[in-house]
*Asks:* 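I am attaching a structure below and will ask some questions about it afterwards.
Heads up: numbering here begins at 1 and tracks the sequence. Read the numbers this way: they start at 1 and go in the same order the structure lists the ligands and their atoms.
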Amino acid sequence: DAMARPSHVAVYSHEEDALYQRRFNLLNDFSAALTSRDQLRLVFQPRICVATDACLGAEALLRWNHPTLGAVSPGEFIPIVERSGLAQATTAWVLDAALRQQHTWRQAGMALQVSVNVSAANLSEDGFADSVHACLARHHLPPDCLELEITESAIMEEPLKAHATLADIAALGVGLAIDDFGTGYSSLSYLQKMPADVVKIDQSFIRDLEHGARQQALVKAMITLSQDLGHRVVAEGVESEAVLAFLRDAGCDEAQGYLFAAPMEAPAFAAYLRW
Ligand code: C2E
Ligand code: MG
Ligand code: MG
Ligand code: MG
């Protein structure tokens with residue numbers, strides 16, 4: 001058929017070339033950053049109980065200060081790292097740093113749970129739960145001071161393997177949260193089978209919540225469904241009092257977002273808590 005479009009049209013542009021080159025360089029440089037001692041650090045964002053205003057926990061988020069590019073956002077480098085073989089080493093770094101900080105806070109009498117984001121690769125890794133257990137032991141910490149955040153899409157990459165790993169982690173007594181809930185393609189039957197304590201509703205549903213009736217109906221349903229299945233619900237990306245008021249009425253358990261605080265370095269976090 002002479003009118004048929006060609007099945008492949010390859011368009012090479014300098015822009016794509018530059019993007020590819022940047023990703024390639026970032027991956028190489030990140031590998032060096034993991035052993036650099038001064039390029040990576042964690043920041044912490046509080047999670048606030050909607051009913052009492054108390055801070056019950058903090059999410060640890062990775063920051064990278066690249067030697068020539070400066071700050072590179074996790075939104076850019078995490079997907080690159082997760083497509084490479086470096087995801088496991090990255091989680092190990094973050095977990096170790098978060099638990100070291102947690103140990104310091106506990107020594108000072110500051111009791112809260114720290115959440116760490118884990119990658120799909122960790123869920124299919126043999127012995128991941130053992131390595132989490134070993135890291136807790138190394139820092140002399142009880143399992144309930146840690147929560148792991150896993151996205152729906154990470155679970156869906158290898159659901160059976162993921163489910164087994166999550167069951168092992170739950171058996172340790174470490175908390176589990178489903179992150180970015182609503183954005184993946186998980187079926188509700190998986191949610192129902194997950195040993196998760198917490199469901200974090202993705203910020204894309206929370207932003208502009210005060211304007212749309214349909215958006216509000218969706219969020220209310222997500223809160224009710226998750227709670228009926230036995231999960232505690234956290235709303236991500238809470239930026240206004242109006243959104244917080246809506247969430248309070250809807251019975252949401254916890255909230256996280258710029259309304260309370262942006263992610264902070266450990267000393268600023270302790271100051272925020274007036275510790
Ligand atoms: P996430 O786990 O869903 O983390 C929440 C993100 O939302 C963080 O972005 C946080 O700074 C941002 N955020 C918090 N409150 C607000 C708000 O009110 N408004 C808006 N617009 N954003 C808010 P961040 O730190 O840039 O991280 C982006 C993503 O990168 C994370 O999403 C997570 O998927 C990934 N990431 C970050 N650190 C790590 C890590 O240590 N390991 C892994 N595997 N992934 C990480
Ligand atoms: Mg998270
Ligand atoms: Mg999230
Ligand atoms: Mg996210």
Side-chain angles (χ1 to χ4, degrees), residues 26 30 33-34 39-48 55 57-65 71-102 113-125 128 132 135 146-155 157 162 175-184 186 196-210 222 226 233-244 247 254-265 268-269 272:
L26 284 179
F30 188 83
L34 274 171
Q39 292 182 40
L40 300 180
R41 67 184 199 287
L42 293 181
V43 288
F44 299 88
Q45 188 178 33
R47 233 163 77 177
I48 307 295
C55 173
E59 179 173 7
L61 294 155
L62 188 55
R63 293 292 178 264
W64 181 16
N65 189 29
V72 181
S73 101
E76 180 173 18
F77 72 78
I78 290 288
I80 297 170
V81 165
E82 289 188 334
R83 279 196 298 270
S84 77
L86 290 179
Q88 275 110 326
T90 303
T91 300
W93 191 98
V94 173
L95 196 58
D96 190 66
L99 292 184
R100 184 175 313 117
Q101 183 59 58
Q102 178 65 304
Q113 197 178 43
V114 167
S115 304
V116 167
N117 294 282
V118 307
S119 301
N122 297 119
L123 301 180
S124 42
E125 175 185 351
F128 178 60
V132 171
C135 196
L146 174 67
E147 179 181 80
L148 299 181
E149 296 191 7
I150 299 116
T151 64
E152 274 184 284
S153 28
I155 293 167
E157 277 191 22
L176 283 175
I178 298 177
D179 201 359
D180 301 352
F181 180 69
T183 60
S186 67
D197 309 279
V198 166
V199 166
K200 299 186 78 174
I201 300 178
D202 190 68
Q203 51 180 289
S204 58
F205 297 95
I206 305 298
R207 214 184 295 139
D208 298 329
L209 194 54
E210 64 263 56
M222 286 161 102
S226 301
V233 180
V234 179
E236 302 193 89
V238 177
E239 295 185 356
S240 73
E241 289 290 351
V243 167
L244 179 61
L247 293 167
E254 289 177 60
Q256 182 178 339
Y258 297 160
L259 175 64
F260 307 102
M264 298 165 276
E265 313 245 348
F269 186 87
Y272 168 85

*Asks:* If you measure every N or O of Asn117 against every N or O of ligand 1, does any of those distances drop under 3.5 Å?
*Replies:*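 In this structure, Asn117 places an N or O atom under 3.5 Å from an N or O of ligand 1.
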*Asks:* Does Val243 form a side-chain contact (heavy atoms from CB on, under 4.5 Å) with Leu259? I'd like the steps, not just the answer.
*Replies:* CA-CA 10 Å; Val243 167; Leu259 175 64; over 6 Å; no
*Asks:* With a 4.0 Å cut-off on N to O distance, would you call Glu147 and Lys200 a salt bridge?
*Replies:*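 Here Glu147 does not pair with Lys200 in a salt bridge, since their nearest N and O are not under 4.0 Å apart.
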*Asks:* Identify, by name, the N, O or S atom of Asp180 lying closest to the Mg ion (ligand 3).
*Replies:*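 The closest N, O or S atom of Asp180 to the Mg ion (ligand 3) is OD1.
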*Asks:* Walk me through whether Glu236 and Asp179 qualify under side-chain contact (heavy atoms from CB on, under 4.5 Å).
*Replies:* CA-CA 9 Å; Glu236 302 193 89; Asp179 201 359; 3.3 Å; yes
*Asks:* Please calculate the OE2(Glu59)-the Mg ion (ligand 2)-OE1(Glu149) angle and round it to 10 degrees.
*Replies:*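 For OE2 of Glu59 and OE1 of Glu149, the angle centred on the Mg ion (ligand 2) reads 90°.
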*Asks:* Heavy atom under 4.0 Å from ligand 1: found in Gln256's side chain, backbone, both, or neither?
*Replies:*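 No part of Gln256 comes within reach of ligand 1.
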*Asks:* Among the N/O/S atoms of Asp179, select the one at the shortest distance from the Mg ion (ligand 3) and name it.
*Replies:*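 For Asp179, the N/O/S atom sitting closest to the Mg ion (ligand 3) is OD1.
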*Asks:* Hey, does the side chain of Asp180 reach the backbone of Asp202 with a donor-acceptor pair shorter than 3.5 angstrom?
*Replies:*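 Checked: no pair found.
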*Asks:* In terms of atom number and element, which parts of ligand 1 are under 4.0 angstrom from non-hydrogen atoms of Gly237?
*Replies:*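 The list of qualifying atoms is 16 (C), 17 (C), 18 (O).
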*Asks:* Could you work out, for atom 35 (C) of ligand 1, the closest of Val43, Leu62, Ile78 by heavy-atom distance?
*Replies:*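 Nearest option to atom 35 (C) of ligand 1, by heavy atoms: Ile78.
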*Asks:* Can you give me the closest heavy-atom contact between Ile206 and Gly237, atom names plus distance?
*Replies:*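 Distance-wise, the nearest heavy atoms are CG2-O, 3.9 Å.
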*Asks:* Just let me know how Asp180 lines up against ligand 1, side chain, backbone, both or neither, with a heavy-atom cut-off below 4.0 Å.
*Replies:*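 Side chain only.
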*Asks:* For ligand 1, which atoms sit closer than 4.0 Å to a heavy atom of Pro263?
*Replies:*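 In order of number, 11 (O).
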*Asks:* Hey, which atoms in ligand 1 end up nearer than 4.0 Å to a heavy atom of Gln45?
*Replies:*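 Once the distances to Gln45 are compared, the set is 14 (C), 15 (N).
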*Asks:* Report whether any nitrogen, oxygen or sulfur of Asp202 sits less than 2.8 Å from the Mg ion (ligand 3) (N, O or S, backbone or side chain).
*Replies:*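 Of the N, O and S atoms in Asp202, none lies under 2.8 Å from the Mg ion (ligand 3), which means no.
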*Asks:* Counting each atom of ligand 1 from 1 as listed, which ones have a heavy atom of Glu59 under 4.0 Å away?
*Replies:*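 Listed by number with element, the hits are 1 (P), 2 (O), 4 (O).
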*Asks:* Whether the side chain of Glu152 engages the backbone of Gly182 through a donor-acceptor N/O pair (distance < 3.5 Å, no angle test) should be reported.
*Replies:*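 Side chain of Glu152 to backbone of Gly182, a donor-acceptor pair under 3.5 Å: yes, one is there.
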*Asks:* List ligand 1 atoms under 4.0 Å from Glu82, heavy atoms only on the residue side.
*Replies:*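 Every atom of ligand 1 under 4.0 Å from some heavy atom of Glu82: 44 (N).
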*Asks:* Which of these passes side-chain contact (heavy atoms from CB on, under 4.5 Å) with Phe44: Gln101, Glu59, Met264?
*Replies:*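 Considering Gln101, Glu59, Met264, a side-chain contact (heavy atoms from CB on, under 4.5 Å) with Phe44 is found only for Gln101.
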*Asks:* Between Ala33 and Gln39, what is the shortest heavy-atom contact and its length?
*Replies:*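 For Ala33 and Gln39, the tightest heavy-atom pair comes out as CB-OE1, 3.4 Å.
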*Asks:* For Leu86 and Phe30, which heavy atoms make the closest approach, and how far apart are they?
*Replies:*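 Where Leu86 meets Phe30 most closely, the heavy atoms are CD1-CD2, 4.1 Å.
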*Asks:* Please could you name the atoms of ligand 1 that Val238 approaches to less than 4.0 Å, counting only its heavy atoms?
*Replies:*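 Taking each heavy atom of Val238 in turn, ligand 1 has 18 (O) under 4.0 Å.
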*Asks:* Could you list which atoms of ligand 1 come closer than 4.0 Å to a heavy atom of Glu239?
*Replies:*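 Counting atoms of ligand 1 from 1, those under 4.0 Å from Glu239 are 17 (C), 18 (O), 19 (N), 20 (C), 21 (N).
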*Asks:* Going by heavy-atom distance to atom 26 (O) of ligand 1, choose the closest among Ser119, Pro74, Gly257.
*Replies:*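 Residue with the shortest heavy-atom distance to the ligand atom: Pro74.
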*Asks:* Does any N, O or S atom in Ser115 come within less than 2.8 Å of the Mg ion (ligand 2)?
*Replies:*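 No N, O or S atom of Ser115 is closer than 2.8 Å to the Mg ion (ligand 2), so no.
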*Asks:* Quick one: which of Glu76, Lys200, Gln203 has a heavy atom closest to atom 7 (O) of ligand 1?
*Replies:*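 Ranked by closest heavy atom to atom 7 (O) of ligand 1, first place is Gln203.
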*Asks:* Which heavy atom of Pro74 sits nearest to which heavy atom of Leu62, and what is that distance?
*Replies:*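 In terms of heavy atoms, the two residues are closest at CG-O, 3.7 Å.
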*Asks:* Looking only at atom types and distance, does a side-chain atom of Thr91 sit under 3.5 Å from a main-chain N or O of Gln88, one as donor and one as acceptor?
*Replies:*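 Here the side-chain-to-backbone pair does not exist.
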